[in-house]
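Heads up, the thing below is written out as structure tokens.
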Amino acid sequence: MRQTPTIDPAEIRRQLAFCDQIRALLDQRPGQKVAFVDTYGCQQNEADSERLRGYLARMGYAFTDTEEGADLVLMNTCAIREHAEHRVFGNVGALSHTKRRHPGQLICLCGCMARQDHVAQRLRQSFPYVDLVFGPQLLWQFPQLLLEKLTTGKRVFATDDVPGAVAEGIPVVRQSTLKAWVSIMYGCNNFCTYCIVPYVRGRERSRQPEDILAEVRQLAQAGYKDITLLGQNVNSYGKDLGLAIDFAWLLEQINAIPGDFLIRFMTSHPKDAGARLFDAMAACEKVAPALHLPFQSGSSRVLRAMNRKYTREGYLALVDQLRARIPEIVLTSDVIVGFPGETQEDFEETMSLIEQVRYDALFTFLFSPRRGTPAEKLPDPMPKEQKSANFQRLLQRQNEISGEKHRQYIGKTCRCLVNGQGSDGLLTARTAGGRLVHLAADPGCVGTWRQVRITEASTWALFGELAE
Ligand code: SAH
Ligand code: SF4
Ligand code: F3S
């Protein structure tokens, strides 16, 4: 059994000492230093940014939400689709102007894009004002890398393909006092043929259960009410630990922690989901009645080409099994339109699958070729216009289904966590299943669970009032 590589706690203590050294350097110049952490991509990146903020706070930085006037800008990037990369390059380009107005501004770039050689090369050559670039596997070394930049004055590129590890003890500054991310594992071993994640995030590695449980216990004591466990495929949690434990076991352990909180998790790969997971979800009262179960395509032929390791029939059987155990489950999914070689018949199978399953919500993506993945090289004969037309049709039909599913809530009373106030003055809340509710109520309700009567519904949200 492969041992999960962990970073020696003494190493993290060294990084914290580097933070203190940076703080001493910054204190030589007058004024409070402010940092802007700009996060792209998935919740994994959101969670990573909270740790980067933890380090930055220890260095003495306060936080701002714009690059204008920031002493340090840290872009935590995403490489999942071309569009995400374009946005980042556009924004890096614009930073040349803010840096001119604010000489000495430190510009750092990390996250999944940083781990791609062609991106690092382009940053080296065309963006000379970017000071520090590091890949996701080196996040724990951020203080050391920044200190190197500050003391040598030279640009630092830490973008090599180093094996990933698990680092505990990095400080964290969370964005919310109600909702928290908890990474339970990092990386991915699945190599879906379209996907860049395994290349940029490295192999699957799980955190030790006692570290996860200690973090959740702390969150529960601090009053967090909505805790999301994160991993690219949480269902393979623990496989690398050599212990007789799995994700369902972890759910049960977390469920036993005292506190009034809800447990969510993402993402589940259908190949590893099944009765054991669904039973644990049904038995654990704190686990939200919600599952994000990406199907990617309704055609078994395309699923094979994607290396997804399940068939259309297998997926549908799984959904039946899930709904038999948890009838009220809120089911969401991801789908890719226009995978290379997808025919019109294949696409019709995707249409019929969403008809059959009737997801509460669906994240729809147009295939985007990623450099170095097998799908990049596959023949792709379907014209762009046809792919876009299919995409629009899928989107439209799903919007109708989402609207219909939302209308079924009207007249019902749901327990909701009130989490904030929107610009329209209405409060925002979430049902246990994760549906967004706009709530007409007193702002004093924020941070509490309330019984909410649903009065109206749209494609995207529910509207309601307090039932008591
Ligand atoms: N680990 C998760 C997915 C993370 S990426 C899982 O396996 O479910 C989130 C979604 O982005 C994927 O589910 C997929 O639908 C989409 N995606 C990934 N690579 C893509 C690509 N090259 N083009 C278009 N969509 C992609
Ligand atoms: Fe990408 Fe597949 Fe891994 Fe998800 S399971 S991150 S889609 S390779
Ligand atoms: Fe993007 Fe990396 Fe997440 S590529 S979707 S930020 S794992």
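This chain uses plain numbering: 1 for the first residue, then up along the sequence. One-based numbering, in listed order, for ligands and for the atoms of each.
Every heavy atom of Val200 sits 4.0 Å or more from the atoms of ligand 3. Look at Arg201 and you'll find every heavy atom at least 4.0 Å from all atoms of ligand 2. At least one heavy atom of Gln232 sits closer than 4.0 Å to an atom of ligand 3. Using a 4.0 Å cutoff on heavy atoms, Gly111 does not count as a contact of ligand 3. Using a 4.0 angstrom heavy-atom cutoff, Arg201 counts as in contact with ligand 3. The closest approach between any non-hydrogen atom of Ile196 and ligand 1 is not below 4.0 Å.
At least one N/O-N/O distance between Tyr194 and ligand 1 falls below 3.5 Å.
Residue-ligand proximity, His269 to ligand 2, at heavy-atom distances under 4.0 Å covers atoms 5 (S). When each atom of ligand 2 is checked for a heavy atom of Pro198 under 4.0 Å away, the hits are 8 (S). When each atom of ligand 2 is checked for a heavy atom of Cys195 under 4.0 Å away, the hits are 1 (Fe), 6 (S), 7 (S), 8 (S). Which parts of ligand 2 touch Phe191 is read off a 4.0 Å heavy-atom cut-off, strictly below it: atoms 8 (S). If you number the atoms of ligand 2 from 1 as listed, the ones under 4.0 Å from a heavy atom of Arg308 come out as 2 (Fe), 7 (S).
For Cys112, every heavy-atom contact with ligand 3 shorter than 4.0 Å involves the side chain, none the backbone.
A salt bridge links Asp161 with Arg115: the closest approach of a Lys/Arg side-chain nitrogen to an acidic carboxylate oxygen falls below 4.0 angstrom. A salt bridge does not link Asp8 to Arg14: none of the charged nitrogens lies less than 4.0 Å from a carboxylate oxygen. A salt bridge is defined here as a Lys NZ or Arg NE, NH1 or NH2 lying under 4.0 Å from an Asp or Glu carboxylate O, and Arg174 with Glu215 meets this definition. One finds no salt bridge joining Asp226 and Arg430 here, because no Lys/Arg side-chain nitrogen approaches an Asp/Glu carboxylate oxygen to under 4.0 Å. In summary, Glu400 and Arg358 do not engage in a salt bridge, as defined by a charged side-chain N under 4.0 Å from a carboxylate O. Comment: Asp272 engages Lys239 in a salt bridge, judged by a side-chain N to carboxylate O separation of less than 4.0 angstrom.
The shortest contact between atom 21 (C) of ligand 1 and any protein heavy atom is with Ser368 O, 3.6 Å. The shortest contact between atom 4 (S) of ligand 3 and any protein heavy atom is with Ala79 N, 3.2 Å. Protein heavy atom nearest atom 17 (N) of ligand 1, with residue, atom name and distance: Arg81 NH1, 3.4 Å. Among all non-hydrogen protein atoms, the one lying nearest atom 3 (Fe) of ligand 3 is Cys42 SG, 2.3 Å. Atom 24 (C) of ligand 1 has Leu366 O, 3.3 Å as its closest protein atom, hydrogens excluded (heavy atom only). The nearest protein atom to atom 14 (C) of ligand 1, hydrogens excluded, is given as Gln296 OE1, 3.5 Å; this is a heavy-atom distance.
With distances taken over non-hydrogen atoms, the option nearest atom 3 (C) of ligand 1 out of His83, Gln232, Lys271 is Gln232.
Taking the six-membered ring for Trp and thresholds of 30 and 60 degrees, Phe339 and Tyr194 have ring planes more than 60 degrees apart, a perpendicular arrangement. The aromatic rings of Tyr55 and Phe142 sit tilted, their planes meeting at an angle between 30° and 60°. Ring geometry for Tyr315 versus Phe295: interplanar angle of 30 to 60°, hence tilted.
Taking 2.8 Å as the criterion, Cys188 counts as a coordinating residue of atom 3 (Fe) of ligand 2, since one of its N, O or S atoms falls below it.
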